Amino acid sequence: MKVLKTIKLFIGGEFPRSESGRSFPINFHDSEKIYANIAQASRKDLRAAVEAAEVGQKSWGFMTAYNRAQILYRMAEMAEGKRHEFVGLLKDTLGISDKEANKQVDEAIDAFIYYAGFADKFQQMSAAVNPVAGPHHSFTTPDPVGIVALICESHFDFGRLVSNIASVSASGNSLVVVLGPECPAILQPLAEVFATSDLPKGAINLLTGHLKELYPHIGSHMEIRSVSCQNEDTEILYEIKKLGTSNMKRVVPRYENVDSLKAITDFVEFKTVWHPIGT
Amino acid sequence: MPAAQIKVPGGGRITIPHYPVDRVGTTERANSFTKRSIKTESKLDALYLALSMVDLTTLEGSDTPGKVRQLCGKALRPMPPAMVEQIEKEIGKKIRPIPSVAAVCVYPSQIATAAKHLRGTSVELASVATAFPSGQLPADLKLEDVKRAIKLGATEIDMVINRDAFLRGDFQTVFDEVVAVKDICSDEAHLKVILETGELQTYDKIRFASWLSMEAGADFIKTSTGKATENATLANTLVMLQAIQDFYDDRGRMVGMKPAGGIRTAKQAIQYLVMVKETLGNEWLTPQWFRFGASVLLNDLLRQIMKQYTGRYFDNHYFSLD
Amino acid sequence: MGGRALETSTAKKKTKIPQNGTVVETKSGFKYEYSPAPESKSIVKIKPRYELFINGRFTKPIAGKYFKTINPSTGEPLSEVAEAGANDVDLAVKAARNAYDKTWSKISAKDRGRYLYRIARILQERAREFAVLESLDNGKPIKESRDVDIPLAAAHFFYHAGWTDKLNYAFPGAKISALGVAGQVIPWNFPLLMAAWKIAPSLATGNTVVLKPAETTPLTALLLCEIFQQAELPDGVVNIITGAGATGASLVSHGDVNKVAFTGSTEVGKKIASAIAGTNKRITLELGGKSANIVFEDAALDQAVEGVVQGIFFNQGHVCCAGSRALVEESISEVFIKKLKRRMQQLRIGDPLDKNTDIGAINSFEQLEKIKELVEVGKSEGDFFEPNTRLPSKGYFHKPCFFNNVSAAATISRVEVFGPVLSVQTFRTPQEAITKANDTPYGLAAGIWSEKGSKVHEVASKLKAGVVWANTYNKFDPTAPFGGYYESGFGREGGIHGLSAYLEIK
């Protein structure tokens, strides 16, 4: 007899249940059979994830870019090791073909590697030395915005999800990812990838739950600096933007593929530093 | 420049502080004084004031008693009386009397001539000394140079610091030389210490040398000999003024300032006065505490003064050319 | 300390026969005061009334309403200016849309650049006229409008002119396109410069513009319209509409505006962001700040004092990135304060048109009242200092001042005053300085004063601010991106980074 899985949240490198004690069942795509029970994050779980992200950002954001690249590459290695688990999970819960599932996993692994390679390159591509008209050295460099909430509500595609996570993460942001109803079970193996890749605790946190319940708190949380919105419901997007004005959040709608450098630089601030030149 | 410990006569040590100076910021501030617009009454005042602060200088290999004699005449009475009369007649009123300059500044071998003409007047007799301009003579000869100058009638000594010692970090030697010269000057002569800013180059060094010289007893600190490629600038003078300010705050002793070399126009001179006024303040705006080492400046000041009175520009031929 | 070398020497006293007499100083002369040196007003002709600039023509407002713009140094009206209602805004947006569709998106990138070059050149030619008008309408010293505002505005047009035909190099590999019509609302602190910051990149990237200057300082933007006409900029490419908050609100919320750009207070910025949250309009906001200017014990102190003074008192402190919080290392705070006071005593407050004025008039009566209120609050929070100088008897003036020993929680160290008011706190370690500097919801700018390079770089990398000036302050250049983190706004203006705010990038 198979053991029934319970999928828990991923906060600060740990796998806690929801503090609310709530969970909901996920079925196999084509039946009433329960695939797993999964924790349903509450407002307080979101808060705990943001607190963890704050700690995580301090290590992740100040790591050398080379180190971040190594860790992102390590994620690809760990994901490769879990290929069968990912493929099985995608097939079981989404009902997609073996070919399609493998394609999505390929794309996810590619995305880890692609952004691993970007972690120490986007700076030179987006930074500038400014030819100011005076005796000053002026340069502009990217700086991670801090904590980014990533909402994955609709248009689920494993490759796109990883691409969005890795592009935001590559610059040194920490993440609170909210997985919507389409494929919440992906949390488990994905969290295991993160937990075994030398990623600092809290640098990426994964939650599952009901977006309608969580988004007002995402929008109004003052520590969340930016939101990447992959959801169809513009009502929610607009509402998050509106709530986000409380701390001037950068809210980026992200349903379709964009220029990959832009995917990174949408979640950085540019800092211009001036210094005199003179003996 | 790191802080340095210096032994002082009579035992004990003092510290010449580390005091970094940012070149770009200093230059910006110095340039801000050139933006002041000094007009009408305050311009006339500034021109008279600048004139009274001139150390009228000739420091050429070709200097002769004849040249020095003419210079002394000009120093005592910068404006020919006939010219004053003509102007007063034209404008129908008296002009403010044109003062003498502060001093005449000559080489040691011309002191005797200058002394003959200046003795008993308000014009001081400054002699450059200590193997001006390079300072590259043995210490005993440099001191001999000073003794002789005072004996012949110099009332002010413009010495040069030992840049050889300074640039290789032997600040004690630099200090000791200034102290020794100051000893000879005693209260017979005012001591101006020339840093030769053009050879020190960095503002950190200029600041450090200013402090070192003031600690050693300088009555005045002076930018340059006029013989280097870069002489007085507003910026290097500003660095020295700020050192004087801090030295006054710290030690309670006023030290004078003399920019020299390259100040050729009345406009430039006024910029320096503005700078002194807005840093050290009015207390320093007298010939006792501020001087210009200059020669052609004098005629430009006269021309500008006459322009203020008549509204016309004059060329140099209306004044004496010395 | 010792040695004879320290003794004060006295010069030899001699009998002196004065020649020609001694220097006679007049009481009003150089030592006491600089004589007035006013810039002539005759170069600028202020019209009694200004209309809206829509579709290349000066157009009367439909409702026929006008409001006065005041010379803040006298409190007297300079002129009256049209108040644009919602229907005027609609006309302006239509004109911009029409120009975008019919001309501006059709002409070559090279020609777009040519127009911008023309504008830059004419502005340089007429610089003095603009400087005088800016000082009259805004109250800022002519020294600043002449040496900073107008030359930088021209430089902005010149810089962006060169971008028009090189945009593909700015975003290699990406597909870029213009957004359409930009609705822009600018503040009163740098009226012409802010207009240039907004208009130049919009036009360079192929957008058309409807811009609303601040209601207290509309005149230079309206004079700029003459330049657009002289440059033969196609009708409707830039439209200038005047009015107050309601006009701005109807502009940013107009349905046919694709891009909103606003510079001003965080309060209004939040309202605008909120008002357009339910749309897909692109937005850039350049908002308030409470920027820290950190002075370490190893700073070049005289330049640091000057930097702090320029950082807060430049433009009467009406600067979003003003260094309004000085954080001074405790070990040098005493000497720093002494030097600061001495320096402030030299600041010359008065007629903005006098070339020797360092601090001009506060832009409006309302702003002056706001500053006074906050200063009153500050007096209970820290040690107050203001220089012993006189203020002009009329007009809106405020002395530069600071509060020493204020706590980080004090109102005066948290609230943006937007006036010549500095708060001074001390710190003990670099880490404490960084923490204190970042202890604000804003993130626009910061200053660092230290001669130790490694420390400068460490602190600069940890400050959460869009602009970090190390051993300098308040430097601006069209090539250098400017903008804030957090509640200081979104996006950058200037440099290659400023372009993306006006482009769709895919």
Side-chain angles (χ1 to χ4, degrees), chain A residues 58 61-62 125-146 219 222-223 225-226 234-235 237-253 256-263 265-266 268-278, chain C residues 151-152 155 171-175 266 269-280 285 287 303 441 443 445 448 453 456-457 460-473 475-492 494-497 500 505-506:
Chain A
K58 289 204 169 81
F62 284 94
M125 295 175 193
S126 63
V129 173
N130 312 312
V132 296
H136 291 89
H137 178 45
S138 171
F139 56 96
T140 300
T141 51
D143 193 17
V145 292
M222 303 295 268
E223 283 298 312
R225 301 299 182 179
S226 192
T234 52
E235 285 288 304
L237 171 71
Y238 293 160
E239 193 58 28
I240 288 176
K241 277 167 77 175
K242 193 158 195 145
L243 289 166
T245 59
S246 57
N247 69 335
M248 286 292 169
K249 276 187 190 61
R250 284 73 173 138
V251 179
V252 183
E256 38 189 43
N257 295 333
V258 287
D259 174 64
S260 55
L261 179 60
K262 185 169 156 57
T265 57
D266 274 343
V268 301
E269 289 292 350
F270 284 100
K271 180 188 281 179
T272 299
V273 179
W274 293 66
H275 198 282
I277 300 171
Chain C
L152 263 181
F171 306 98
K175 261 195 247 155
T266 292
K270 284 182 175 178
K271 276 187 198 153
I272 290 176
S274 182
I276 65 167
T279 70
N280 292 327
L285 298 169
L287 308 176
Q303 288 75 59
I448 306 168
V456 167
H457 283 290
S461 72
K462 289 187 173 164
L463 288 174
K464 295 295 180 190
V467 185
V468 176
W469 285 293
N471 293 316
T472 186
Y473 207 92
K475 291 285 178 293
F476 308 96
D477 193 279
T479 70
F482 182 95
Y485 285 32
Y486 309 152
E487 295 196 21
S488 291
F490 307 142
R492 295 293 174 266
I496 195 168
H497 298 82
S500 61
I505 301 165
K506 283 192 172 163

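Just so you know, these numbers come straight off a predicted model, no measurement behind them. To find a chain, count down the sequence lines: A is the first, B the second, and so on, and within it residues start at 1.
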Part of [X] lying under 4.5 Å from any heavy atom of chain A:
X: C/Pro481; result: both
X: C/Ile272; result: neither
X: C/Ile448; result: neither

> Taking C-beta and beyond as the side chain, do C/Lys271 and A/Thr245 meet within less than 4.5 Å on heavy atoms?
Replying inline: no

>> Show the nearest heavy-atom pair for residues C/Asp477 and A/Ala133, with the distance to one decimal.
In response: OD2-N, 2.7 Å

>> Could you report the tightest heavy-atom contact between A/Glu269 and C/Tyr486, atom names first, then the distance?
In response: OE2-N, 4.4 Å

Heavy-atom pairs under 4.5 Å with chain A are the metric here; pick the option from [options] that has the most.
options: C/Val468, C/Asn471, C/Thr472; value: C/Val468
options: C/Ala174, C/Ala480, C/Ala273; value: C/Ala480
options: C/Gly483, C/Gly494, C/Gly495, C/Gly489; value: C/Gly489

Once rounded to the nearest 0.5 Å, what's the spacing between atom [atom1] of [X] and atom [atom2] of [Y]?
X: C/Lys270; Y: A/Lys242; atom1: NZ; atom2: NZ; answer: 14.5 Å
X: A/Thr272; Y: C/Arg492; atom1: OG1; atom2: CZ; answer: 7.0 Å
X: C/Asn280; Y: A/Thr234; atom1: CG; atom2: OG1; answer: 8.0 Å

>> Has A/Lys241 got a side-chain atom pairing as donor or acceptor with C/Thr279's backbone, closer than 3.5 angstrom?
In response: yes

>> Donor-acceptor check, side chain of A/Lys271 to backbone of C/Ser461, threshold 3.5 angstrom: yes or no?
In response: yes

Counting heavy-atom pairs under 4.5 Å to chain C, which of [options] comes out on top?
options: A/Met248, A/His137, A/Glu235; result: A/Met248
options: A/Gly61, A/Ala128, A/Ser138, A/Pro276; result: A/Pro276
options: A/Val145, A/Leu261, A/Asp143, A/Leu237; result: A/Asp143

Given that the side chain runs from C-beta out, which part of [X] has a heavy atom under 4.5 Å from chain C: side chain, backbone, both or neither?
X: A/His136; answer: side chain
X: A/Val129; answer: neither
X: A/Met125; answer: neither
X: A/Arg250; answer: both
X: A/Ser246; answer: backbone

> Where do A/Met222 and C/Glu487 land on the side-chain contact (heavy atoms from CB on, under 4.5 Å) test, with the steps shown first?
Replying inline: CA-CA 11 Å; A/Met222 303 295 268; C/Glu487 295 196 21; 4.0 Å; yes

>> Salt bridge or not between C/Lys175 and A/Asp259? Use side-chain N to carboxylate O under 4.0 Å.
In response: no

> Checking A/Lys262 against C/Phe171: charged group under 6.0 Å from the ring centre and within 45 degrees of the axis?
Replying inline: no

